[in-house]
Novice: 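This is the structure I want to talk about, given as structure tokens.
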Amino acid sequence: MSDPAVRVRIAPSPTGYMHIGTARTALFNWLFARQNGGVFILRIEDTDLERSKKEYEEDLIDQLKWLGLDWDEGPIRQTDRLDSYEKCLSKLLKDGQAYYCFCSKEQLEQERQAMLAQGFAPKYSGRCRSVSQEEAKKKMEAGEKAVIRIKVPDGKISFKDIVREEVSFEGSLIGDFVVAKSLREPLYNFAVVVDDEEMKISHVIRGEEHLANTPRQIIIQRALEFSQPQYAHIPLILNPDRSKMSKRVGDTAIREYRNQGYLPDALLNFLSLLGWHPQDDQEIFSLKELMKVFDLTRIQKGGAAFNVDKLDWLNAQYIKKMTAKSLAKLLGVKDTEQNLKIVEATKERMKKLSDFKEMAGFFVEVADYPPELLIWKNSTKEKTLVNLKEAEKIVSAVISDDFSKAKLEKALMPSAEAAGRGDMLWPLRVAVSGLEKSPGPFEIMETLGKKESLSRIAGAIQKLSG
RNA sequence: GGUCUCAUCGUCUAGCGGCUAGGACGCUGCCCUCUCACGGCGGAAACAUGGGUUCGAUUCCCAUUGAGAUCACCA
């Protein structure tokens, strides 16, 4: 399936670190573009000069790259496109479809409150509609501040949404809204419309919070005689308590998940399942597979709560599938033979990359542990000591050239069977790991090597006899 | 408050008039096992409520309830 007419965009505003929701929107757009052989555009919506920061833009680009969602055009910044907006704004003004408004903020606020008090949706009165163009010009020359409002026609505004079918709003309820602070200071809704037209965006795939913006954008489109893209509003990602995931909360930033050691593919996989589901029961997808089965029309309507447990599970699945070598690289660990063994032994237990440090620390150094930890279940100190010494003897006999898991197991198991597996293997494992929970003793000893293993066993014996 | 949107296990969801309501995470029992993890096999767990339509509603319609979004000279 190839349709070069498919042109979609991710249009974040750089007012915060890249948000989880932005990532999912980017993913859906990317998937849709790629599966149709279309174009994916990155557009930076930085018309809010006060809140936009370069740092956030850099984060956006950085995280998008990390996720592997490559774009074909951009980054295009709205602040670089002021000429286009000005041109369209002037046209609207000239055609009488927009007008200058001189109402003060105080005045507006008062009206707002009054309407609210009466139980109406606040809406601009349209007072300045009557100000003629000449009059407006004079006022501005006299230094009066003005904003630009668009004339909103009465009547129903309905559009087809791929996710929500037919959605409609009542124009008369909207009121003439501000489209720009000045000719070179367009507001969001206006800039979006001009951009989408000039970039020939075919499908606007965005979060549901924009659903209510859509009629406003359509009003602008119609005034400018632009074509209307297809819309797909995807449900919001909710906090576990079902409130909207706010941009301000720390752990909604992609960079946080990255720092915690989530794999990009796992994160994407997780995100794809938030508000979307394939026809069958498959849940683990590579980006390539996702590309094949993703379907805009199967996007869910209701909001989806973010469930970290499932993310953890998915991440663990992805970690498990990796080779020790590539995992070591991600962990920033040198791929020495020793380290690779450690990574291999820890792989199955890690949910996040950040777990590694804690889980593998004992390979480097045994933490201090209480002597009683060495005693298995209801066994005794004496018995444990005997078994540990027996184990020590056997381990010493294993040649250091072939100090392997298999060899150790072969050498130790007969005695362990005789002594009772747990009675020998538990203390041995604790002796070499110092932990209540860890990988198996043979695995650990192989990694540790003969010398270190014996020294730890000796340490345990001393601990217990002391 | 107005407008818009939504509603299946705790969570993510399958379902598109007739199903013992399926899967996944989590929880839990058993197996594997020296522990943990992995893995395998089970279990508990849902159609918000009330009306219609229909021979038959989780599914279609309406109301109620609940949840969310939005109502800026932010995006």
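The chains referred to below are lettered A, B, ... by the order of the sequence lines, with proteins before strands, and numbering in each begins at 1. Not measured: the values here are computed from a predicted model.
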Novice: Per the side chain to side chain contact (heavy atoms under 4.5 Å, CB included) rule, which among Leu290(A), Leu31(A), Leu287(A) passes with Leu268(A)?
Specialist: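 Filter result, single survivor: Leu287(A).
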Novice: Please state the P separation for the pair G23(B) and A14(B) - nearest whole angstrom.
Specialist: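 Looking at atom P only, G23(B) and A14(B) are 15 Å apart.
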Novice: Using Watson-Crick or G-U wobble geometry with both distances under 3.5 Å, which nucleotide pairs with A7(B)?
Specialist: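 For A7(B), the partner nucleotide comes out as U65(B), under the 3.5 Å rule.
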Novice: Going by modelled atom types, is there a donor-acceptor pair between the base of A14(B) and the side chain of Asp280(A) at under 3.5 Å?
Specialist: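 No pair found.
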Novice: What's the gap between U20(B) and U28(B) when it is taken at their P atoms, as a whole Å value?
Specialist: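 Going atom to atom, P in each nucleotide, I get 31 Å.
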Novice: Measure from the side-chain heavy atoms of Lys181(A) and tell me the nearest of C74(B), U11(B), A14(B).
Specialist: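 The answer is C74(B).
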Novice: On RNA chain B, does the nearest nucleotide to Asp46(A) precede the nearest nucleotide to Trp276(A) from the 5' side, or the other way round? Give the residue.
Specialist: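 Taking each residue's closest nucleotide, the earlier one in sequence belongs to Trp276(A).
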Novice: A75(B) P sits how many Å from Leu187(A) CG, rounded?
Specialist: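 Roughly 5 Å, once rounded to whole Å.
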Novice: Among the candidates U11(B), U5(B), U3(B), find the nucleotide nearest to the side-chain atoms of Phe169(A).
Specialist: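 Output: U3(B).
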Novice: Tell me whether Lys389(A) is salt-bridged to Glu392(A), with the criterion being a basic N under 4.0 Å from an acidic carboxylate O.
Specialist: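 Judged by the 4.0 Å cut-off on N to carboxylate O distance, Lys389(A) and Glu392(A) do not form a salt bridge.
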Novice: Say you pick atom P in G43(B) and the same atom in U5(B); how far apart are they, in whole Å?
Specialist: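 Roughly 41 Å separates the two P atoms.
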Novice: How do Val167(A) and Ser104(A) order along RNA chain B: which one's closest nucleotide is nearer the 5' end?
Specialist: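 Closest to the 5' end, via its nearest nucleotide, is Val167(A).
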Novice: Need one value for Val178(A): base, sugar-phosphate or nothing, where a base atom within 4.0 Å counts as base even if backbone is also close, heavy atoms only.
Specialist: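 It contacts sugar-phosphate atoms only.
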Novice: Suppose you measure atom C1' in C62(B) against the same atom in U11(B); what distance do you get, rounded to whole Å?
Specialist: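 About 31 Å, rounded to a whole number of Å.
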Novice: Which nucleotide in the list C12(B), A75(B), G1(B) gets nearest to the side chain of Pro122(A)?
Specialist: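 Of C12(B), A75(B), G1(B), G1(B) is nearest to the side chain of Pro122(A).
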Novice: Using a strict cut-off of less than 4.0 Å between a Lys/Arg side-chain nitrogen and an Asp/Glu carboxylate oxygen, indicate whether Glu344(A) and Lys347(A) qualify as a salt bridge.
Specialist: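 The answer is yes: the pair qualifies as a salt bridge.
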Novice: Among the candidates C12(B), A75(B), A14(B), find the nucleotide nearest to the side-chain atoms of Ser13(A).
Specialist: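 My answer, after comparing the listed nucleotides, is A75(B).
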Novice: Output yes when Glu417(A) and Arg421(A) qualify as a salt bridge under the 4.0 Å nitrogen-oxygen rule, no when they do not.
Specialist: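 Salt bridge between Glu417(A) and Arg421(A), a charged N being under 4.0 Å from a carboxylate O: yes.
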Novice: Considering only U13(B), C6(B), C34(B), which nucleotide approaches the side chain of Arg164(A) most closely?
Specialist: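 The answer is C6(B), which lies nearest to the side chain.
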Novice: Please give the nucleotide sitting opposite G17(B) as a Watson-Crick or G-U wobble pair, both distances under 3.5 Å, or none.
Specialist: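 Check on G17(B): unpaired, no WC or wobble geometry under 3.5 Å.
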Novice: Considering only the C1' atoms, how many Å lie between A75(B) and A69(B), rounded to the nearest integer?
Specialist: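 Rounded to whole Å, the distance is 14 Å.
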Novice: Cation over ring, Lys463(A) on Tyr369(A), under 6.0 Å and within 45°?
Specialist: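 Satisfied, under 6.0 Å and within 45°.
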Novice: Taking only nitrogen or oxygen atoms into account, show me every contact under 3.5 Å that the protein makes with nucleotides 35-46 of chain B, one pair per line with its distance.
Specialist:
unit_1, atom_1, unit_2, atom_2, d
U35(B), O2', Glu436(A), O, 3.4
U35(B), O2, Arg429(A), NH1, 3.4
U35(B), O2, Ser438(A), N, 3.0
U35(B), O2, Ser438(A), O, 3.1
U35(B), N3, Ser438(A), O, 2.7
C36(B), O2, Arg349(A), NH1, 2.0
C36(B), N3, Arg349(A), NH1, 2.7
A37(B), O2', Glu348(A), O, 2.6
C38(B), O3', Lys320(A), NZ, 3.0

Novice: Inspect the contact between Lys53(A) and Asp59(A) and indicate whether a charged nitrogen and a carboxylate oxygen are less than 4.0 angstrom apart.
Specialist: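 So Asp59(A) does not pair with Lys53(A) through a salt bridge.
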Novice: Searching all strands shown, indicate the nucleotide that pairs with C60(B) (Watson-Crick or G-U wobble; both distances under 3.5 Å).
Specialist: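 Partner of C60(B): G52(B).
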Novice: Report yes if a donor N or O on one partner sits less than 3.5 Å from an acceptor N or O on the other, where the partners are the side chain of Lys244(A) and the base of A69(B); otherwise report no.
Specialist: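 A donor-acceptor contact between them is absent.
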Novice: Asp309(A): which residues meet the salt bridge (charged side-chain N to carboxylate O under 4.0 Å, His left out) condition with it, sequence neighbours left out?
Specialist: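 Partners of Asp309(A) by the salt bridge (charged side-chain N to carboxylate O under 4.0 Å, His left out) criterion come out as none, since no residue qualifies.
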Novice: Roughly how far apart, to the nearest Å, are A44(B) and C32(B) at atom C1'?
Specialist: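 To the nearest whole Å, 24 Å.
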